[in-house]
Every structure is written in structure tokens, then in C-alpha cells.
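What you see is a predicted model; the values in this text were computed from it and never measured.
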Amino acid sequence: MTLRTQQTCAAVAPFAVWMALLMALPAKAEMYAVRTAVVGLLMLGLCLGFRPWRQAIRSFRPSFWGLAVGFLVLFLWVWPEQFAFYRQYCILGSPSTVEVDHGSKLLLGLQLLGSAFVIAPAEEIFYRHFLYRWLDRTAGHWTEASGTRFDLSAFLWTVGLFAVGHNRLVVGVMAGVLYGLLAIKKGLGASVVAHVTTNLALGLYVLQTGNWQFW
């Protein structure tokens, strides 16, 4: 296996493992905790033993634009739920993915941490950095520190695939556009900060209000 292949596998592995476990395990709080533990340990191992991951992690610092976009996506994700038309026609699948009655505070806390600090960085590295650069054949490799140019085709494909992976397609597209532009203009670290901010704030909102449909 070449070094470039190893680097590609390292970029894809956390997200791929998360999705495989999502499809293989029941939609229960206990299983979310299992996914969080498995993928979290995988990401920790990559950060400790794989240089490109260490380089990426160093860029995950506080960012005004990351925080601003993160809260903007949170607003876009939550606000439309007040409209009956949106709830009826713009949301796919079941309204909730967690069995609240059986989820202890510990399990719900693990879901909050997994959503914010495991799946959000894994999605950003997969979608905004690896997949975008793979689709844009003229861009640098995902491990390179150089900036990313805007390519419309790669951008639209990345946004579309990101939206399809979420049951709220309309706001999924909006989030994909905002995260994608942020990654191109300000770097991967800023988009990770934004995604972590959105997921963390959304999780706290869910725990505070009981609007479990967002989980």
C-alpha cells in the first residue's frame, strides 16, 4: 500500500466506520455510545500515530468565522421546524433517533459528545477536505497545507452528498454550502469549529428543550 493510499484511508476511515456502524446497529442511545467510543478511539489513534491528522488537529483553534457560521447553521436547522409545511414535506424518516425513555443522562451526554467532537470532525475531514479535493482533480492532496481553490462541480457534488446524508435536505444543503465556503476561504480548521459549534449547541438545545426530533 502506497503512502498516498494510506493517507486516503486515514481520511475516510472514521466517517466510513461511523456510517457502517450506523447501518449495522439499532438506533438506540446505547448503540450511539458504542459508535462514539469506536470512532473516537480510531480518531485518537490517528491523531497520535499519523502525521497528517496531527497537522490537521493543530489548525482546530478558536475561530470567529467558525463560531459565527456554526451558530448560523444552528438557527437555520431549528427555526424552520415551527412551520407545518416544513415538518410535513422537508423532513425524511422518523422524527427521533434516540429512545429517550431508556437513555440515561450518561448515555445522552455521550450522544452530545459524540455528535459534537467525533462525527462533526470526521464529516468535515471526509466531505470538505478529502472528498472535495478528490472531486476537484486539479486541487492539492487532502494532506497538503496549501489553500483550496473554488471548483463549482466539486463544490455542488460535496454539498449534495452531505445533504443526502441528513434527513433535513433543505437545511442540509444550506449547511453544506456554509461549511464548504468556510473551508475554502478560511481552511479546514474553521469548518470543523463551525460544525462542532453547531452540533454542540444543537445537542444542548435538545437536552434543554426536549425537542428530540433533532437527534
Exercise answer: donor-acceptor pairs, residues 189-199 side-chain atoms, under 3.5 Å, sequence neighbours excluded:
| unit_1 | atom_1 | unit_2 | atom_2 | d |
| --- | --- | --- | --- | --- |
| Ser191 | OG | Glu124 | OE1 | 3.0 |
| Ser191 | OG | Leu188 | O | 2.9 |
| His195 | ND1 | Glu124 | OE2 | 2.6 |
| His195 | NE2 | Glu123 | OE1 | 3.2 |
| Thr197 | OG1 | Val193 | O | 2.7 |
| Thr198 | OG1 | Gly70 | O | 2.7 |
| Thr198 | OG1 | Tyr179 | OH | 2.8 |
| Thr198 | OG1 | Ala194 | O | 3.1 |
| Asn199 | ND2 | Ser115 | O | 2.7 |
| Asn199 | ND2 | Ser115 | OG | 3.4 |

* To do: Determine, stepwise, if the pair Thr8 / Phe130 fulfils side-chain contact (heavy atoms from CB on, under 4.5 Å).
  => CA-CA 8 Å; Thr8 299; Phe130 164 73; 3.4 Å; yes
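- Of all non-hydrogen atoms in Ala175 and Val73, the two that sit nearest each other are CB-CG1, 3.7 Å.
- Here Tyr89 is tied into one hydrophobic group with Phe85, each link being a pair of ILVMFWY side chains closer than 4.5 Å.
- Between Ala120 and Ala116, the closest heavy-atom pair is CB-O, 3.2 Å.
- Interatomic distance, CD1 of Ile119 versus CD of Gln111, reported as 12.0 Å (0.5 Å rounding).
- Residues meeting the side-chain contact (heavy atoms from CB on, under 4.5 Å) test with Leu181, sequence neighbours left out: Phe150, Phe155, Val177.
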* Please test Leu207 against Trp212 for side-chain contact (heavy atoms from CB on, under 4.5 Å), starting from the C-alpha separation and ending with a verdict. => CA-CA 8 Å; Leu207 294 177; Trp212 305 104; 4.1 Å; yes
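- Here the CD-CZ distance, from Glu30 to Arg35, works out to 11.5 Å after rounding to the nearest 0.5 Å.
- The two atoms that bring Val171 and Pro80 nearest to each other are CG1-CG, 4.1 Å, heavy atoms only.
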* Asked: Does the side-chain contact (heavy atoms from CB on, under 4.5 Å) test come out yes or no for Thr36 and Phe117, once each step is laid out?
  -> CA-CA 9 Å; Thr36 296; Phe117 298 108; over 6 Å; no
* Go through the steps to decide whether Phe214 and Glu81 satisfy the test side-chain contact (heavy atoms from CB on, under 4.5 Å), and finish with yes or no. => CA-CA 10 Å; Phe214 292 111; Glu81 300 277 327; 3.2 Å; yes
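- The aromatic rings of Phe162 and His166 sit tilted relative to each other, their planes meeting at an angle between 30° and 60°.
- Note: Phe15 and Phe126 have parallel aromatic rings, judged against thresholds of 30 and 60 degrees for the angle between ring planes.
- Contact detail for Val34 and Leu25: the closest heavy-atom pair is CG1-CD1, 4.2 Å.
- Atom CE of Met174 is separated from atom CZ of Arg168 by 13.5 Å, given to the nearest 0.5 angstrom.
- Counted within 6.0 Å of CD on Gln208, heavy atoms from surrounding residues, nucleotides or ligands total 12 or fewer; the atom is thus considered open.
- Each of Met23 and Trp18 belongs to its own hydrophobic cluster when Ile, Leu, Val, Met, Phe, Trp and Tyr are linked at side-chain heavy-atom distances under 4.5 angstrom.
- Scanning both residues, Arg149 and Tyr132, for their nearest heavy atoms gives O-OH, 2.7 Å.
- In terms of the side-chain contact (heavy atoms from CB on, under 4.5 Å) criterion, residue partners of Leu72 (sequence neighbours excluded) are, by chain and number, Leu76, Leu178.
- Note that CG of Leu107 is 12.5 Å distant from CG of Leu112, once rounded to the nearest 0.5 Å.
- Residues Leu22 and Val164 do not share a hydrophobic cluster, clusters being chains of Ile/Leu/Val/Met/Phe/Trp/Tyr side chains in contact below 4.5 Å.
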* **Evaluation steps, ring-ring contact (aromatic ring centres under 6.0 Å, His included), between Trp157 and Tyr127** => CA-CA 10 Å; Trp157 272 106; Tyr127 284 110; over 10 Å; no
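- Partners of Phe71 under the ring-ring contact (aromatic ring centres under 6.0 Å, His included) rule, at least two apart in sequence or in another chain, do not exist in this structure.
- Put simply, CG on Asp151 and CG on Leu156 are 9.0 Å apart, with the number rounded to the nearest 0.5 Å.
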Just distance, no hydrogens or angles: give the donor-acceptor pairs under 3.5 Å from side chains in residues 38-46, sequence neighbours left out.
none

